[in-house]
Amino acid sequence: MRAWQIVSDGGVDALKLAEVASSAPGSGPGPGEVRVRMRANAINFRDLATIRDPVARKLPYPRLPNSDGAGDVVAVGAGVTAFKPGDRVASCFFQRWIDGPCSIEAMNSALGGAIDGVLAEEVNLSADGVVPIPAHLSYAEGATLPCAALTAWNAVVEVGRVKAGDTVLLLGTGGVSIFALQFARMMGARTIITSSSEEKLARARALGASVTINYAQKPDWENAVLEATGGKGVDLTVEVGGAGTLPRTIAATRVAGTIGLIGVLTGGQIDPATVMRKSIRLQGIYVGSRRMFLDMNRAISLHGLKPVIDKTFAFADARAAYHAMAAAGHFGKIVIEI
Ligand SMILES: NC(=O)c1ccc[n+]([C@@H]2O[C@H](COP(=O)([O-])OP(=O)(O)OC[C@H]3O[C@@H](n4cnc5c(N)ncnc54)[C@H](OP(=O)(O)O)[C@@H]3O)[C@@H](O)[C@H]2O)c1
């Protein structure tokens, strides 16, 4: 059995493809666990950041990267009745966040961070830490759901409570934002999306984006958002930029609107008084619970939603997948097939 491991702070090129004996202790599923033959992983900006700087995250070596995988159950441990060999499943980002609000216990169960991730041919996961993949999705598509899709769902549906007729702002065309675009459309909302690329904006329009803005050509893009909303601002912003985009996001969100704070792509400073003056609800979002994942999958199945996969890499070329993410040329998701 092969697995990719973070073994140093040497970044993407220092990732090691290791041979792990299938007969090694712990290789079978323990009580309450399922063993999954992984068929695909999807990568997130967070996986790249973890590989680049494992020291800041106090990771022990070796540590398997990635939270998002999909594959087949090949064996079940004692006491597991919900799954059987042959079931197609995806990993839950948090192995111990079933329902209710996030907790320290949940945060200490994040795959590819607090605990080993899923970039391996086979892994053991808690039976409560996997969910069935929607029947119409491939393994590659199913693998895109655990982090990017669930974070977007949490922002749009759980926190944003978006309803038909609302306007939702999405920043950039990465994994989270494209899922948020799809979910906002599913809920009947009008969508405004920004990108640094005209070609990506054309792809966003093809996915149903109502208004597209090139933030590279229009650095004061918040004014274009205000113009598109009659000066009022959007009901919900799915904020993946972080401190560098937040001042403009606050300006682009309506009085008493909501900002789902998700990303850390940019640095900068904000004036908290701007949040207070507009009575904005600024809510931190950390992926989501297993219950949200099951709700999301029901909606994905009902609407036949297809995740947008930009590029696919072979298992042996995993390093190239992270380099592609670093280059930021992608639209939607990057997948590694196993
Ligand atoms: N809190 C959570 O639970 C959670 C979950 C998932 C992700 N995240 C965070 O959310 C962020 C996005 O993650 P991801 O996996 O979707 O990343 P990704 O797929 O790598 O998306 C990156 C895209 O963001 C856009 N972008 C970069 N700088 C921007 C800026 N200044 N203004 C507007 N857009 C900008 C670019 O889009 P264009 O190329 O179109 O310009 C870029 O391609 C990351 O910080 C990640 O760590 C947090």
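Note that ligands are numbered from 1 as they come in the structure, with each ligand's atoms numbered from 1 the same way. Numbering starts at 1 and runs along the sequence shown.
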Salt bridge present between [X] and [Y] (N-O < 4.0 angstrom):
X    : Y    : answer
E122 : R35  : yes
E121 : R2   : yes
R291 : E158 : yes
D235 : R161 : no

- Task: Any pair with a residue in residues 166-185 that passes side chain to side chain donor-acceptor pair (under 3.5 Å), sequence neighbours left out, goes on the list, sorted by first then second residue, please.
- Result: K163-D166
- Item | Sub-4.0 Å heavy-atom contact, G244 with ligand 1 | no
- Message: Looking at ligand 1, is there an atom of it that comes within less than 4.0 Å of some heavy atom belonging to K333?
- Response: no
- atom 21 (O) of ligand 1: nearest protein contact (heavy atom, Å):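 Here the nearest protein heavy atom works out to G174 CA, 3.2 Å.
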- When you measure from atom 26 (N) of ligand 1 to every protein heavy atom, which one gives the shortest distance, and what is it?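 Nearest protein contact, heavy atoms only, for atom 26 (N) of ligand 1 is Y215 OH, 3.6 Å.
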- Item | Test salt bridge (charged side-chain N to carboxylate O under 4.0 Å, His left out) applied to D271 - qualifying residues, sequence neighbours left out |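 By the salt bridge (charged side-chain N to carboxylate O under 4.0 Å, His left out) rule, D271 matches no residue at all.
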- For Y286, take its heavy atoms, then give the atoms of ligand 1 lying under 4.0 Å from any of them.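 Here the atoms of ligand 1 in question are 3 (O).
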- Can you list the ligand 1 atoms lying under 4.0 Å from a non-hydrogen atom of V264?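 Going through ligand 1 atom by atom, the ones under 4.0 Å from V264 are 45 (O).
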- Should one rank S195, G242, A328 by closest heavy-atom distance to atom 40 (O) of ligand 1, which comes out on top? S195
